[in-house]
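The block underneath contains the structure these notes are about, expressed in structure tokens.
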Amino acid sequence: MRIPCPLCGTRDRREFWYRGAAVDLERPAPDAGVEAWDDFVYLRENPAGPTRELWYHEGGCGAWLVVERDTVTHEIGRVALASEERS
Amino acid sequence: MVELVARTPCAGLLPLRVGAVLLDEVAPGALTSVSPYKGQAEALSKVLQAAHGMGFPAPSRATGDRQARAIWFGHGQAMLVGPAPDPALADHAALTDQSDAWAAVRLHGPGAEDVLARLVPVDLRAGSFPEGHSMRSLLFHMTASITRIEDGAFLILAFRSMAATLVHDLQTAMEAVAARG
Ligand SMILES: [Zn+2]
């Protein structure tokens, strides 16, 4: 598996560290309530198909990346710097 | 007063020649990480140009020469190699003195690319990695910065604490390449 880093180019999977679903980019406000925080901390989708994930380019540029990946085919879609994905 | 004796990171380990490939230690001078503040990249590049003679490097590139280099070192970061940083740089970037924190070696000679091909999961042949290109990747098990400098040589930076491992891994690969004749 290879991931095209926007800064480094296409790199081998061994250079990356996997974080999980890209929910960290939408952290609830401190006063968002128990339900929103419960959802943020514990509840994850487990799709067979496209996912949006956070990967860390640990063995490369050190950037956090938002990676679209298909869990069925392992096809990698769009990859972007997490720093530019946050609104 | 205690008399402290300066030792380079690879003292006693280098230089090394295996077959046609050579590995030397480099005395890089001062090392300063330069991270531009948000929206300051362009202004920083101008100051860098005026003070040290080269612009801020694009991702996967290095600028400058033997006297002063700016090596792209990761997301929003470059390493100024050689001169003490001009104080004006601090107006646009966070500066951190990293002198003596990195081991710097130069790998060169015919077959240097074959040596790195055994350790680095990126194509470093001249066709895809010519002079002025730089990259962060893994050198066997550790992270490293690799730059193609003058005369086709590779400048490799790794953590000083891993200097012996760096030399060991390179030497093993050099011996394997030489054994193939
Ligand atoms: Zn990268």
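Lettering follows sequence order; numbering is per chain, from 1.
Atom CZ of A/Arg19 has 12 or fewer neighbouring heavy atoms from other residues, nucleotides or ligands inside a 6.0 Å radius. By the 6.0 Å contact criterion, CZ on A/Arg44 is enclosed, its count of non-hydrogen atoms from other residues, nucleotides or ligands being greater than 12. Open room surrounds CD on A/Glu75; 12 or fewer heavy atoms of other groups in view lie less than 6.0 Å from it. Enclosure of atom CD in A/Glu45 is not indicated, since only 12 or fewer non-hydrogen atoms of other residues, nucleotides or ligands lie within 6.0 angstrom. When the shell of 6.0 Å around CD of B/Glu42 is examined, it contains 12 or fewer heavy atoms from other residues, nucleotides or ligands.
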- Should A/Cys8 and B/Arg136 be marked as a side-chain contact (heavy atoms from CB on, under 4.5 Å) after you check the CA-CA gap, both sets of side-chain angles, and the distance that decides it? CA-CA 8 Å; A/Cys8 302; B/Arg136 296 298 307 263; 5.5 Å; no
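The two atoms that bring B/Thr143 and A/Glu58 nearest to each other are CG2-O, 3.8 Å, heavy atoms only.
The shortest distance between side-chain heavy atoms of B/Ser137 and A/Glu15 falls below 4.5 Å.
Interatomic distance, OG of A/Ser83 versus NZ of B/Lys38, reported as 7.5 Å (0.5 Å rounding).
Counting only distance, with no hydrogens or angles, the side chain of B/Ser60 and the backbone of A/Leu7 share a donor-acceptor pair below 3.5 Å.
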